[in-house]
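FYI, the numbering just counts along the sequence from 1. Note that the structure is a prediction, hence the values are computed from the model and not measured. Ligands are counted one by one from 1 in listed order, and the atoms in each one are counted from 1 as well.
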Amino acid sequence: MPRFAYVNGRFVHHADAAVHIEDRGYQFADGVYEVVAVMDGDFIDRQAHLERLDHSLHALRITPPVSQPVLKLLMQALVRRNGLKNGLLYLQITRGVAPRDFKFPKAAKSAIVMTTSRLDHGQLGKYDHGVRVVTIPDIRWARRDIKSTGLLAQVLAKQAAADAGAFEALMVDGDGYVTEGASSNAWILTGDGVLVTRQPDRSILHGVTGNTVERLAAELQIKVERRAFTCAEAQSSREAFLTSATNFCLPIVQIGEKTVGDGLPGQVTARLRTLYLDYAKNRQGEAFGWSL
Ligand code: PLP
């Protein structure tokens, strides 16, 4: 079956999908994106992703190319057309095509591209074994709350992780505090059973998955503290995990050279992952929203 992409008003074969060379996304990374997981043919937390998309667009003063109801229909149509049961939908909106000039163009219309990819959310060995992460300095700009397509720092971070044989890089700010993973939010469980993750200010991207996990933790009567933590605190924590739309709730078993806990995925992490999977499959009707 041919795979389709959605490009500026048309569904086109993925192999033929293209944008203009003067699209500002290509020239300036002047755009934003979202990655929404699809499970059993349905989106997980779509509304929350669209709320964050609005936040990103608004922060950059990019006018949405279509209304939110229309965007929802287009997302659904692409998933159906591609016969996607389990995987991801990638959505990117840029300020549009205009002669290269830094200032906002007067006439450009924002441009939109969507693609899908398959991913088996259930059968990934990394959940059973957990993953290793490295730590690296966070060299990004000061508006990390915007899900910008400007991802060069994350490209370097992911490559550093891959070079070290690790799954993810935890980025660390100038004061020694972990901000987040290169494409995930970072969580730890303290010795007295409190979940800790960084406060959702401009220093991180406020994750949709993490936002949901926070609410699910409350259902399990687990206390969540939103505050910064250092690398050392993470390394000596009882459990650690990552959250993202791609990996849901993923146990970390090693940070740098240091084993976390007993080196196995933690029990609280496993309970949250199970609850998240149930929420993703069966509770989208009561989906949690997203706000800063
Ligand atoms: N932080 C960063 C920098 C990310 O790129 C991502 C996801 O791509 C996340 C956090 C997790 O966000 P979400 O749970 O919405 O996927």
Side-chain angles (χ1 to χ4, degrees), residues 29 31-39 43-57 59 75 87-93 115 117 119 121 131 133-161 167-173 177-188 195 197-217 224 226 228-229 240-250 252 269 272-273 275-277 279-280 284 287-292:
V32 301
Y33 74 106
E34 280 296 328
V35 176
V36 188
V38 175
M39 183 177 254
F43 293 106
I44 304 176
D45 277 337
R46 176 172 57 177
Q47 188 58 37
H49 282 282
L50 293 181
E51 279 159 30
R52 186 174 62 190
L53 178 68
D54 269 354
H55 167 76
S56 299
L57 289 169
M75 291 168 78
L88 303 169
L89 179 139
Y90 176 83
L91 182 176
Q92 174 176 311
I93 295 175
T115 55
S117 56
L119 180 67
H121 301 297
V131 296
V133 301
V134 293
T135 57
I136 59 156
D138 195 336
I139 59 168
R140 294 175 299 164
W141 72 329
R143 286 305 306 271
R144 301 160 189 164
D145 57 307
I146 300 170
K147 200 165 167 64
S148 148
T149 55
L151 291 170
L152 209 36
Q154 283 96 319
V155 167
L156 297 178
K158 288 279 190 191
Q159 188 57 43
F167 177 79
E168 174 65 301
L170 293 188
M171 299 182 284
V172 182
D173 69 18
Y177 291 98
V178 173
T179 50
E180 58 189 332
S183 65
S184 55
N185 290 115
W187 297 69
I188 59 171
L195 276 178
T197 192
R198 196 168 169 117
Q199 64 283 3
D201 54 22
R202 291 180 173 184
S203 67
I204 63 164
L205 182 76
H206 182 28
V208 168
T209 318
N211 185 59
T212 294
V213 164
E214 182 171 2
R215 285 151 199 257
L216 295 176
V224 177
R226 283 217 168 250
F229 56 85
F241 63 89
L242 303 168
T243 54
S244 71
T246 309
N247 290 298
F248 300 169
C249 193
L250 180 63
I252 298 174
T269 307
L272 285 169
R273 180 172 162 72
L275 198 56
Y276 184 82
L277 284 172
Y279 166 85
Q284 286 305 293
F288 306 122
W290 179 95
S291 65
L292 273 176

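- By the 30° and 60° cut-offs, the orientation of the rings of W187 relative to F241 is parallel.
- Side-chain atoms of Q92 do not come within 3.5 Å of backbone N or O of G31 as any donor-acceptor pair.
- Of the candidates T179, T209, L205, T243, it is T209 that places a heavy atom closest to atom 14 (O) of ligand 1.
- Every residue meeting the side-chain contact (heavy atoms from CB on, under 4.5 Å) condition with S244, not counting sequence neighbours, appears here in chain and number order: S184, T246, N247.
- Formation of a donor-acceptor pair under 3.5 Å by the T209 side chain with backbone atoms of A245 is found in this model.
- When G210, G207, S244, S184 are ranked by how near their heavy atoms come to atom 9 (C) of ligand 1, first place goes to S184.
- By the 3.5 Å distance cut-off applied to N or O atoms, R52 is counted among the residues near ligand 1.
- A side chain to side chain donor-acceptor pair (under 3.5 Å) with D145 is found for exactly one of H55, R52, H206, namely H55.
- T179 and R144 form no side-chain donor-acceptor contact under 3.5 Å, judged by distance and modelled atom types alone.
- For atom 1 (N) of ligand 1, the closest non-hydrogen atom on the protein side is E180 OE1, 2.7 Å.
- Using a non-hydrogen distance threshold of 4.0 Å, G181 registers as a contact of ligand 1.
- In terms of protein heavy-atom proximity, atom 11 (C) of ligand 1 is closest to N185 OD1, 3.6 Å.
- Under a cut-off of 6.0 angstrom, the local environment of OH in Y177 is sparse, with at most 12 non-hydrogen atoms contributed by other residues, nucleotides or ligands.
- Summary of contacts: the protein heavy atom closest to atom 16 (O) of ligand 1 is A245 N, 2.8 Å.
- The contact set between ligand 1 and A182, taken as ligand atoms under 4.0 Å from a residue heavy atom, comprises 3 (C), 5 (O).
- The closest protein non-hydrogen atom to atom 5 (O) of ligand 1 is S183 CA, 3.3 Å.
- In terms of protein heavy atoms, atom 8 (O) of ligand 1 is closest to K147 NZ, 2.9 Å.
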